Colleague: 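Dropping a structure here in structure tokens format, bear with me for questions.
The shown structure was predicted, so the numbers you read here are calculated from the model rather than taken from an experiment.
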Amino acid sequence: MFRLRPVLRCTPLSRRYATASGPHALVFLEHREGAIDSGSLSALAAAQQLGGQVTGLVVGSPEQVKGVLEKAKKLKGVSNVLHSASEQYSHALPETISPLFEKLLGENSPYTHVVSAHSSSAKSILPRAAARLDLPAISDITSLEHDASSNATTFTRPIYAGNAIATVKAPSSLRVKFFTVRSTAFKAAAEDQSTEAEAQAIDPVEVADPPTQHVRTDLTKSDRPDLGSASRVVSGGRALKDAETFKSTLEPLADVLGAAIGASRAAVDAGYADNSLQVGQTGKVVAPELYMAIGISGAIQHLAGMKDSKLIVAINKDPEAPIFQVADVGLVADLYDAVPELVQKLK
């Protein structure tokens, strides 16, 4: 692995906004069904590493905001929570929410950093808001370091499917630094029932005739743990032949382990599993305590989504499969013999 050091250059206009005060991060708190997303809790943990004040931002419909606000006020390390309610915010569309960020980040804004999880929604909203303010955005960071003396912030982020790490420095001359956080790289922030952050309502910025509208949301219902936050994951690849074999082979193992089920891109493309289960560069990035790769060869795109797992177990009949190069435990065997036997042993 090698490191690249791209230089983040700013425009002369942005130099006028260099700040002498400490960092003040605005964290976009995403939520679903009254619960704050785990990715946003990781983004909050990253914001706390800046060493300054942290403000949360909750947006949604009036009913959504009411259900989430009390939870946001109890988050450890949050000094205050901004909330803005509008029916236009009921679905997080970049075209309707980015004007609110523009309002909050005007020339007299106290915020030096804007932070969110690297989620499907936020990675559309933050870059749009940054572009409208003529500022850059840094995506999918895995670590950060803030220099209090210079007010510069240095980030690392994976590139080339995780085969290289780019080190990016955002200088103090950028009045606001936008970045999204890889949730598996930071431990989620916890609640603190002993404290309660101050809440402040912000008038929404209504967008007349928005250019896009939400049509529908299709969610896969499952009694299993969520793939993105599960502590154990069992994934299958193309070697599982078809959808029925995929299900009958992996589900008993996932049940006995209490694990989520994942899939390689090859398995998803072949129709064995829903695309919501895809793990990899173009799917979900996971880092569970245990990751079991069943019949997965280990293409570089798949490794990019799971190689940070704490314990990787691979079962493959090909001893030369690339997955064994990253596996902590490898079994060269026919999965149709090994998996049922493993299930029986675990029972």
Side-chain angles (χ1 to χ4, degrees), residues 24-48 53-105 111 113-126 128-129 178-184 186-207 210 213-214 216-222 225-230:
H24 187 169
L26 179 66
V27 182
F28 181 43
L29 299 175
E30 298 178 83
H31 51 86
R32 180 178 291 117
E33 297 180 353
I36 298 173
D37 288 353
S38 61
S40 292
L41 298 179
S42 296
L44 176 58
Q48 291 171 356
Q53 188 175 349
V54 177
T55 294
L57 173 63
V58 175
V59 300
S61 67
E63 183 179 354
Q64 290 171 337
V65 170
K66 181 179 179 181
V68 173
L69 185 58
E70 291 305 313
K71 296 182 177 67
K73 289 160 61 177
K74 294 292 186 181
L75 291 175
K76 187 176 182 179
V78 175
S79 55
N80 60 338
V81 179
L82 307 181
H83 56 98
S84 186
S86 169
E87 289 300 334
Q88 280 196 349
Y89 298 156
S90 58
H91 303 287
L93 297 177
E95 293 83 359
T96 56
I97 293 183
S98 57
L100 179 65
F101 279 95
E102 293 177 54
K103 173 183 176 180
L104 294 173
L105 300 170
Y111 307 112
H113 298 76
V114 179
V115 191
S116 79
H118 192 64
S119 64
S120 298
S121 176
K123 66 185 180 184
S124 298
I125 295 171
L126 258 66
R128 180 183 177 90
F178 288 79
F179 64 94
T180 63
V181 172
R182 177 171 289 198
S183 58
T184 57
F186 296 87
K187 187 176 180 179
E191 288 189 3
D192 185 356
Q193 295 296 330
S194 64
T195 62
E196 183 170 310
E198 180 182 352
Q200 179 184 352
I202 302 296
D203 291 333
V205 180
E206 301 291 347
V207 178
Q213 63 178 158
H214 178 265
R216 71 176 186 273
T217 300
D218 296 324
L219 295 176
T220 301
K221 299 292 184 180
S222 175
D226 178 68
L227 177 59
S229 58

Colleague: Are there over 12 heavy-atom neighbours, none belonging to K103, within less than 6.0 Å of that residue's NZ?
Modeller: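 Buried by this count: over 12 neighbours within 6.0 Å.
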
Colleague: Measure the spacing between CG of D37 and CZ of R32 and express it to the nearest 0.5 Å.
Modeller: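 So the gap between those two atoms works out to 5.5 Å.
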
Colleague: Rounded at 0.5 Å granularity, tell me how far OG1 in T55 sits from CG in L29.
Modeller: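 Answer rounded to 0.5 Å: 10.0 Å.
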
Colleague: Output the distance between atom NZ (K73) and atom CG (D192), rounded to the nearest 0.5 Å.
Modeller: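 The CG atom of D192 is 14.0 Å from NZ of K73, to the nearest 0.5 Å.
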
Colleague: Between the side chain of S42 and the main-chain N/O of S183, is any donor-acceptor distance below 3.5 Å?
Modeller: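 Judged by distance alone, yes, a pair lies under 3.5 Å.
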
Colleague: Taking NZ, NE, NH1 and NH2 as the nitrogens, is one of them in E63 or K66 under 4.0 Å from a carboxylate oxygen of the other?
Modeller: no

Colleague: With a 3.5 Å distance limit and no angle check, can you tell me whether S79 reaches the backbone of V54 through a side-chain donor-acceptor pair?
Modeller: yes

Colleague: Sub-3.5 Å donor-acceptor pair from the side chain of E191 to the main-chain atoms of K71, do we have one?
Modeller: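 Here the side-chain-to-backbone pair does not exist.
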
Colleague: Working to the nearest 0.5 Å, report the span between CD of Q193 and NZ of K76.
Modeller: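 So the CD of Q193 and the NZ of K76 are separated by 12.5 Å.
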
Colleague: Answer yes or no: does atom CD of E102 have more than 12 heavy-atom neighbours from other residues, nucleotides or ligands under 6.0 Å?
Modeller: yes

Colleague: Using a 3.5 Å distance criterion without hydrogens, assess whether the side chain of S84 forms a donor-acceptor pair with backbone atoms of V59.
Modeller: no

Colleague: Among all residues two or more places apart in sequence or in another chain, which pass the side chain to side chain contact (heavy atoms under 4.5 Å, CB included) test with S86?
Modeller: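 By the side chain to side chain contact (heavy atoms under 4.5 Å, CB included) rule, S86 matches Q88, Y89, P204, E206.
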
Colleague: Starting at NE2 of H118, measure out to CZ of F179 and round the result to the nearest 0.5 Å.
Modeller: 13.5 Å

Colleague: Before you tell me yes or no, could you show the steps for F101 and L126 under side chain to side chain contact (heavy atoms under 4.5 Å, CB included), namely the whole-Å CA-CA distance, both residues' side-chain angles and the distance that decides it to 0.1 Å?
Modeller: CA-CA 8 Å; F101 279 95; L126 258 66; 4.2 Å; yes

Colleague: Nearest 0.5 Å, what's the CD-CG distance between Q200 and L57?
Modeller: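 Going from CD on Q200 over to CG on L57, the span is 11.0 Å.
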
Colleague: Look at atom CD of E196 and say whether more than 12 heavy atoms of other residues, nucleotides or ligands are closer to it than 6.0 Å.
Modeller: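 Yes, because the 6.0 Å sphere around CD of E196 holds more than 12 heavy atoms from other groups.
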
